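Take a look at the structure set out below.
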Amino acid sequence: MLSPEYIAHEIGEFVARTKSWSEDRTKNGNTTALAALSKLYGGEVNSNTIPNQLPEYWVGYNYAVQQMQAIEPHTRRALFPERLFNLRTPNQTNEELEYIRSTFKSVTLPIWNDFISTLSRGANRNNYTVKIEGDEALVTDINDYLKYYLPYYNSYYDWLQSYLIPLKQKDANGVIAVMPHDLYELSTVADEDGVERLSNDLIDSYPVYFSSKNIVGQDPGEYYLLLSSTEKSVVIESGKQRKIGVVLYLFDDTYIYRIEQVGEMKDFKFSEPVIYFEHLCGEVPVQKLGGIPNFVNDHVVFDSVFSYVSDILDLVLLDQNNLNISKTKCIYPYRIMLGSICEFEIDGVKCDNGYIMNDAGRKNACPSCKGRGSVPRVSPLGELLINPEDQFGNGDKLNGLASPIQYVSPPIDTVQFLVTEINANENRARKILHLNDSDAAVAGNEGATATGSLNKLRSTYAFIKPVSDQLFNVAFKTLDYIGMQRYGEAITITGTAPNTFDINTPSDYLAAISEAKTMGVAPFVMYQLYWSYLNSISHGDMDVNKAYELIINTDSLLNNTQDEIALRIASGTAEKWMDVVHNSGLVLVYNLVTSNPNFFEQSFEQQQLQLIDAAKSQINSASIEMRADLIV
């Protein structure tokens, strides 16, 4: 537990650094630096408006914030990266910059989505386990709480897959803090000494993300000083009370403290720390999201894996949006054609090369030809009439044109160069992130074989596994903190991280099965390949996986062709019911589940016996109807 003096010192450090930064900004003409900082930390502005340098609240703070800022344009739709385009390319005009801004497209977003989808494969609910032990009623309560009632997210498992995975890659130095939700809404009771304390209502603790820019003080393992982006305190600005003040939370190994900005906004003063909650975790319930360790002035900071491609993707954004400009200049052809000399006149004064002289001796653009000096001769129906030459040589001359109407296109070398650069940089980024689009990306002819797919699988597995391990360390520790804050030591929660990932596509497994059959590998290997293929097309559906597992373990003809099955039945080495299981197993299981919704809750041996009995009962029937809705 931190001493009151230590807490006061750390809050004082935050105030001093912020004021010093604000004074420097004020000297440079920004007279509302503190108000701007409050908006910035409150999430009211996007990363485009983050100053190049913020107060260095801890060693590596600005490094962490700038890394998060560099990644952001590739993870959000329609976020124009001002920093990338503010330094204009050579020969770029203001009009072209405005055109890029108005037509900007987030073309790198698909790479981010593919990357997150790849990482999410490890978070399939079937790939990891959560074990909760303790009083039966409490175990039931925590299971329901995690599945249905977690504040804001509803489900802990949805939070893990939909929130935690992308947050970790966007902001490796951000934190997940576990704290009560709407603590002030809980009822209180008076103890025997008359002191008001919280009632025995269960605490609705939940994970809260604080970005790296909102970590304004830290000593990992000792404390975190976090600035809330959703809460504001009431302060005075321009003589009026406004809810724009800063709210801080300080976490140590015993308490969560709440500190509010008070008084005049410009004074930047704070209230005394108030104990918000005694969290019972025995350690600071705050975790860094983490990434690849790096060092800034001998202090550890983390790099997101995605940060290693953000510079490359910046080039893609720049080139793609410059390509749009080049297309407007180079792709659309110009039409060159014969015209007639403008003969428009006003008060006897004729058009002279596009201009008419007025009485004051000034030239005005001709209202007929708009200053061109000639008028088009194309009719509304697109006809161009050519005046033939007479005996005196009068008539239309082509003046070097190959035809009366001619289309001229500028060279497209620039466009082709940009397209090549874009494709090359996208491929570089995908290769770094192990996001090959197809087996064609594997070197040589290796991609056409199951061996090539296996090599790609191993490489991708080696890339994903450490990221997944870090992710689940945070996820399981978050579970532990929720359990401690809600139940104390009455329950224990442990988890096992994934060791396998569904990385290959169904076509990868089919290629491996085909090659394995050709090579005549052992049946038990084939069974594993079949299981992997079926699991890849079931999309993690637990009941479908159970059905596949039952059929695979019951179908003794799984690795035989239809001709081989017919021969075995004719020779007596296989029974007819085996053929029924082989060809209609999924329909049989569907019928069994329909008649008994608790079918999969029976022992595996009972499930097998019932499947075999169902197959035997079908031998003398005409046929088994194949249901289209069972095809996954």
Side-chain angles (χ1 to χ4, degrees), residues 46-50 52 62-90 92 96-97 99-121 165-174 211-213 289-292 294 301-327 414-438 440-441 456 459-460 463-464 467 471:
N46 63 49
S47 64
N48 282 329
T49 59
I50 296 178
N52 289 329
N62 277 281
Y63 176 92
V65 172
Q66 289 166 11
Q67 179 186 145
M68 176 187 67
Q69 177 188 358
I71 291 173
E72 190 174 27
H74 310 294
T75 66
R76 287 178 54 186
R77 282 193 71 254
L79 176 64
F80 181 70
E82 297 280 351
R83 292 171 182 267
L84 281 181
F85 291 95
N86 275 349
L87 293 176
R88 291 196 284 272
T89 55
Q92 187 181 72
E96 288 172 341
L97 177 62
Y99 177 82
I100 290 176
R101 183 181 285 108
S102 62
T103 60
F104 174 77
K105 303 298 180 184
S106 305
V107 295
T108 56
L109 191 59
I111 294 178
W112 166 257
N113 287 338
D114 287 350
F115 178 58
I116 295 303
S117 296
T118 299
L119 295 182
S120 297
R121 292 174 183 177
I165 293 175
L167 286 176
K168 176 175 167 52
Q169 298 308 319
K170 285 183 180 181
D171 185 13
N173 294 281
S211 76
S212 52
K213 71 179 172 63
L289 287 167
I292 299 173
N294 204 339
V301 293
F302 293 101
D303 287 340
S304 163
V305 172
F306 198 80
S307 70
Y308 293 163
V309 301
S310 63
D311 286 347
I312 297 173
L313 295 180
D314 284 349
L315 296 177
V316 174
L317 278 183
L318 285 167
D319 286 343
Q320 180 63 53
N321 287 278
N322 286 327
L323 175 63
N324 293 338
I325 287 285
S326 298
K327 284 164 65 176
T414 301
V415 173
Q416 291 175 333
F417 171 75
L418 287 173
V419 170
T420 302
E421 284 288 291
I422 290 167
N423 291 337
N425 284 325
E426 281 190 347
N427 288 335
R428 284 175 62 199
R430 286 185 171 276
K431 187 174 182 180
I432 292 170
L433 297 174
H434 295 260
L435 300 177
N436 293 326
D437 288 327
S438 66
K456 183 183 71 174
S459 178
T460 306
F463 174 74
I464 291 178
V467 178
L471 176 82

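In this text, all values refer to a predicted model and were calculated from it rather than measured experimentally.
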With Q320 via side-chain hydrogen bond (donor to acceptor under 3.5 Å, both in side chains) - residues at least two apart: none
I'd like to know whether L323 forms a side chain to side chain contact (heavy atoms under 4.5 Å, CB included) with T414, so could you lay out the CA-CA distance, the side-chain angles of the two residues, the decisive distance to 0.1 Å, and finally the verdict. CA-CA 8 Å; L323 175 63; T414 301; over 6 Å; no
Testing the basics here: between L317 and K105, what is the closest heavy-atom pair and its distance to 0.1 Å? CD2-O, 3.9 Å
I need the W112 CH2 to L435 CG distance, nearest 0.5 Å. 11.5 Å
Salt bridge flag under 4.0 Å for residues R76 and E72: yes
Assess the residue pair N294 and F302 against the criterion (side chain to side chain contact (heavy atoms under 4.5 Å, CB included)); give the C-alpha distance rounded to whole Å, side-chain angles, the decisive distance to 0.1 Å, and a yes or no. CA-CA 6 Å; N294 204 339; F302 293 101; over 6 Å; no
Point-to-point distance, once rounded to the nearest 0.5 Å, from CD1 of I165 to OG1 of T118: 10.5 Å
Within 6.0 Å of OH in Y308, more than 12 heavy atoms from elsewhere: yes
Hey, could you give me the CG/CD distance between L471 and Q169, rounded to the nearest 0.5 Å? 8.5 Å
Should M68 and Y63 be marked as a side chain to side chain contact (heavy atoms under 4.5 Å, CB included) after you check the CA-CA gap, both sets of side-chain angles, and the distance that decides it? CA-CA 9 Å; M68 176 187 67; Y63 176 92; over 6 Å; no
Do you know which two heavy atoms are closest between I116 and P166, and how far apart they sit? CD1-CA, 3.8 Å
Taking every non-hydrogen atom, the tightest pair across S307 and S310: O-OG, 3.0 Å
Evaluate the criterion salt bridge (Lys or Arg N to Asp or Glu O under 4.0 Å) for residue pair R430 and D114; output intermediate values, then yes/no. CA-CA 9 Å; R430 286 185 171 276; D114 287 350; 2.8 Å; yes
First locate atom CG of L318, then atom CG of L418, and finally report the distance between them rounded to the nearest 0.5 Å. 10.5 Å
Could you tell me whether the side chain of E421 reaches within less than 4.5 Å of the side chain of L315, counting heavy atoms only? no
Rounded to the nearest 0.5 Å, how far apart are CG of L79 and NE2 of H74? 10.0 Å
Side chain to side chain contact (heavy atoms under 4.5 Å, CB included) between L119 and K168: does it pass, once the steps are laid out? CA-CA 11 Å; L119 295 182; K168 176 175 167 52; over 6 Å; no
Do L289 and N173 have side chains that approach each other closer than 4.5 Å (heavy atoms only, starting at C-beta)? no
Distance col, row F115:CZ vs T75:OG1, nearest 0.5 angstrom, shows 12.0 Å
Student check: side-chain heavy atoms of N427 and K431 closer than 4.5 Å: no
Is there side-chain contact between S304 and Q67, with at least one heavy-atom pair below 4.5 Å? yes
Do S211 and D171 have a side chain donor and acceptor closer than 3.5 Å? no
